[in-house]
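Working notes, beginning with the structure itself.
Proteins get letters first, then strands, A, B, ... in listed order; numbering begins at 1 in each. The structure displayed is predicted, hence computed values, not measured ones. When reading the values below, keep in mind they use all heavy atoms of this one structure, side chains included, and skip hydrogens, waters and symmetry mates.
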There are 2 protein chains.
Amino acid sequence: MYRERMTTRDWRPRYQVVAEEIRDQILNGDLGPGDALPSEPALSTQYDLSRTSVRNAIQQLKEWGLVRSERGRGNYVRPHRQRFIRKQPDLYQWEKNRVHLPDDERGQEGATEHQTGRPLSDLVIPAEYVTIEAGDELAEIFGVEAGTPMLERRYGTRTADEAAPLSLGRSWIVKETAAQNPDLLEAENEPWPGGTQHQLFTIGIELDRIEDRIIARAPTADEALRLELDPGTPVIVIRKTSFSTNGDVVEMADVVLPSDRAELHYMTSLERWT
Amino acid sequence: MYRERMTTRDWRPRYQVVAEEIRDQILNGDLGPGDALPSEPALSTQYDLSRTSVRNAIQQLKEWGLVRSERGRGNYVRPHRQRFIRKQPDLYQWEKNRVHLPDDERGQEGATEHQTGRPLSDLVIPAEYVTIEAGDELAEIFGVEAGTPMLERRYGTRTADEAAPLSLGRSWIVKETAAQNPDLLEAENEPWPGGTQHQLFTIGIELDRIEDRIIARAPTADEALRLELDPGTPVIVIRKTSFSTNGDVVEMADVVLPSDRAELHYMTSLERWT
DNA sequence: GAGTGGTCTAGACCACTGT
DNA sequence: CAGTGGTCTAGACCACTCC
C-alpha cells in the first residue's frame with residue numbers, strides 16, 4: 001500500500017530517506033564504529049516500512065561503505081580498516097640502490113616491508129610460476145610476436161596474523177629473457193632477495209624508468225573472495241611497466257589492492273629554479 | 001515457494017547464478033556494449049524466478065560494472081566510457097618550468113589541458129572561493145592553530161560538449177598567505193594562467209616537492225550526482241600536498257575523479273648506476 | 001530455541017520512455 | 001498508449017549465531 005505521494009519536485013524514495021537518516025547518525029557519531037544497527041524487523045516497525053524497503057536502505061548504506069552485514073548476527077557500522085600505505089617512486093629508487101649489495105644484506109629487508117613498515121617475519125609471499133603464451137595485449141606491450149612464451153608469476157602479500165591478503169599481483173616477463181638465469185624460472189627461489197630489480201640485474205638489465213597506471217574498479221568475484229572484500233568495496237589496480245635503459249619493456253605487473261585498506265603515496269621532487 | 005535445496009557445499013543463490021550467466025554472455029561477446037538485456041519480466045519468465053530475484057541479479061551485474069539501468073527504457077550492457085588520463089609527476093615539473101614565462105604565453109595552455117590532451121576551448125573550470133576556519137585536520141596539516149582563516153577554492157573540470165565533470169576539486173591555502181597578492185582572493189580571476197604554482201610564485205613561494213596520497217572509495221551521494229556516476233562506480237581521491245622549499249605545507253587539495261573515466265599515470269625516472 | 005540477515009514469491013502502483 | 005525499470009507490500013523458509 002502506497003501512502004502520501006508528494007507532488008514536490010524533490011521526491012525521494014522512502015528507503016533513501018531512511019538511508020540518509022542512518023547515514024547522518026553515523027556521521028555525527030550517534031552510531032559509532034562497530035555499533036549494531038537496529039535489526040531489520042525493528043527498523044521495519046520503526047519507520048513503518050516493509051522489510052524489503054528497509055533492506056534497500058541498508059543496501060544503500062553498504063554502497064556508501066558505511067555498514068556491513070553479518071549473517072545471523074546483525075548489521076554493523078563499519079569500523080575503518082587500518083590502512084596500509086604503499087609508497088611508490090621512493091620505493092623503486094630504493095630498490096634500485098640496493099641491487100649491488102651482497103645477498104645477505106639485501107635479504108634482510110625486502111620491498112614489501114619497506115613499503116608497509118612491517119617487519120619481515122609478518123609477511124608471507126606465496127608465489128606461483130607458470131608459462132603462458134603472449135596474447136595480443138602482452139605482445140604489443142613487450143613488442144614481441146603473439147604466442148611468444150612468457151613467464152607469469154602470481155603472488156600475494158599478507159601478514160601472518162591476518163588471513164586476508166594485502167594485495168594480489170601478477171607479473172610478466174619474456175621467458176627467453178628470464179631463462180638467461182635459470183634460477184629465475186623457479187618459484188621455489190621466492191622470496192627473491194632484493195626484488196625484481198635485482199632479478200633483472202642478474203641477467204644484465206638495468207632499469208631506466210617505471211610507469212604506473214592506476215585505475216579503480218569493482219572487484220571481480222574472485223578478487224572479492226580472495227581479498228575478503230565487503231560488497232561494494234572497490235579495488236585499486238596498478239599496472240606497473242618497467243623500461244630498461246635501452247628502451248625495452250622488460251617487465252609488466254598488475255597489482256590489485258583492496259581500497260578499504262590500501263592507500264598509495266607518490267612523491268614528486270621538483271627541480272629548483274636557478 | 002522454494003524448490004530443490006541442495007546439500008552440496010557450494011550452493012549459490014539463484015539470482016547469483018543468473019547474474020553469472022549473463023556476465024558470461026557479456027564477457028564472451030554474446031551481448032555487446034550497448035545491447036539491451038531482456039526486460040525484467042522476460043528474464044523472470046525465462047528463468048522462472050520472481051521479478052525481485054531477477055532484479056537482485058541485475059543489481060549484482062551493476063556492482064560488477066557490467067550493466068546500467070535506464071528508467072523507462074531498459075537495462076543495457078555498459079559501454080566502456082572513454083578514459084581520460086591524468087599524468088602526475090611530469091605535470092608538476094611541467095607546471096613549475098612554466099612559472100617564469102610571460103602571462104600571454106602561459107595562458108595558452110593550462111595544466112588541465114596538458115594532462116588530458118584536450119584543447120583549451122573544451123574546458124570550462126568554474127571556481128568558487130570561500131573563507132573557512134581551519135578544523136583540526138587542516139590545522140595539523142598546515143601547522144597552524146585551529147580556527148585560522150583558510151581560503152577554500154572549489155572547482156570542477158569538464159568538457160564543453162559533455163555535461164558531466166571530469167573531476168571535482170577543493171583546495172586550501174592559509175588565507176594570510178594568499179592575501180599577500182589580493183588577486184588570489186578573487187574567484188573572478190580564474191582560470192589563473194599557469195596554475196597554482198604560478199599563483200604561489202607571485203607571493204614569493206617556490207615549491208620543493210608534492211606528495212600525492214591516493215585512495216579509492218564509494219562516492220558520496222553528492223559526488224555520484226555531480227559526476228553522473230552509475231550506482232556501484234567508485235571514485236578515486238587524490239590528496240595533493242605541496243611543500244615549499246623551506247618545508248612548509250603551502251597548499252593542499254583533494255581531487256575526486258570518476259573511476260569509470262579516469263586513469264592516473266605516474267612515471268618514475270631512476271638514477272643510473274655509475 | 002529465539003533472533004538475525006539472506007533468499008524468494010506474487011502481487012501492486014508509480015514515473016518515465018517510446019510510438 | 002503499452003512497455004520499462006523504480007518502489008513497495010506482506011508474507012515465507014532458509015542458514016547462521018548466540019544463549
Side-chain angles (χ1 to χ4, degrees), chain A residues 1-20 22 34-63 66-78 221 224-225 230-232, chain B residues 1-20 22 34-63 66-78 221 224-225 230-232:
Chain A
M1 179 226 317
Y2 253 146
R3 277 175 221 63
E4 358 68 48
R5 167 113 304 196
M6 303 242 173
T7 44
T8 51
R9 286 283 178 261
D10 47 9
W11 163 262
R12 286 175 187 204
R14 299 184 55 190
Y15 77 85
Q16 181 90 283
V17 174
V18 172
E20 289 175 13
I22 295 174
D35 286 359
L37 266 56
S39 75
E40 291 175 4
L43 288 169
S44 180
T45 305
Q46 180 180 335
Y47 288 101
D48 191 25
L49 272 175
S50 71
R51 196 180 144 214
T52 307
S53 292
V54 166
R55 281 179 62 74
N56 260 335
I58 286 168
Q59 166 66 26
Q60 174 71 270
L61 289 163
K62 289 191 208 173
E63 282 181 10
L66 294 171
V67 162
R68 57 174 294 147
S69 299
E70 291 179 35
R71 192 196 190 110
R73 304 216 315 128
N75 294 308
Y76 295 86
V77 177
R78 198 143 137 190
L225 198 68
D230 296 314
Chain B
M1 182 226 314
Y2 251 148
R3 276 172 218 67
E4 358 67 50
R5 166 112 306 196
M6 303 243 174
T7 43
T8 50
R9 286 284 177 260
D10 50 6
W11 162 263
R12 289 175 186 201
R14 299 184 53 191
Y15 77 85
Q16 181 88 277
V17 174
V18 173
E20 289 174 12
I22 295 175
D35 286 359
L37 266 58
S39 74
E40 292 174 4
L43 288 169
S44 181
T45 305
Q46 181 180 336
Y47 288 101
D48 191 25
L49 271 174
S50 70
R51 197 181 143 214
T52 308
S53 292
V54 166
R55 281 180 62 74
N56 259 337
I58 288 169
Q59 166 66 27
Q60 174 72 271
L61 289 163
K62 289 191 211 176
E63 283 180 11
L66 294 171
V67 163
R68 57 176 292 146
S69 297
E70 291 180 34
R71 192 199 192 111
R73 303 214 318 127
N75 294 308
Y76 294 87
V77 177
R78 199 146 138 187
L225 198 66
D230 296 314

inquiry  = Please pick, from D/dG5, C/dG6, D/dA10, the nucleotide with the shortest atom-to-atom distance to any side-chain atom of A/Ser50.
reply    = D/dA10

key: Contact nearer the 5' end of DNA chain D, comparing B/Thr52 with B/Glu40   = B/Glu40

inquiry  = Does D/dT9 have its OP1 or OP2 closer than 4.0 Å to a side-chain nitrogen or oxygen of A/Ser53?
reply    = yes

Pairwise N/O distances under 3.5 Å, protein to nucleotides 16-19 of chain C:
{"residue": "C/dG18", "atom": "OP1", "partner": "B/Arg73", "partner atom": "NH1", "Å": "3.3"}

Whole angstrom value for the distance that separates P of C/dA10 from OH of B/Tyr47 = 18 Å

ask   = For B/Leu49, which contact category applies under a 4.0 Å heavy-atom criterion: base, sugar-phosphate, or nothing?
value = sugar-phosphate

key: Touch class at under 4.0 angstrom, heavy-atom based, for A/Asn56 against every strand present   = nothing

A/Ser39 side-chain N/O to C/dT4 phosphate OP1/OP2 under 4.0 Å = yes

query = Rounded to the Å, how far apart are B/Tyr76 OH and D/dG5 C1'?
reply = 10 Å

request  = Check whether any side-chain nitrogen or oxygen of B/Tyr15 sits under 4.0 Å from OP1 or OP2 of C/dC8, and answer yes or no.
outcome  = no

remark   = Whole-Å distance, A/Arg14 CZ to D/dT9 P, equals 6 Å

ask   = Would you say the side chain of A/Arg51 and the base of C/dG6 hold a donor-acceptor pair, judged only by whether the two atoms sit under 3.5 Å apart?
value = yes

message = Using five base pairs at each end to define the local axes, how bent is the helix from C/dG1-D/dC18 to C/dG18-D/dC1, to the nearest 10°?
response = 10°

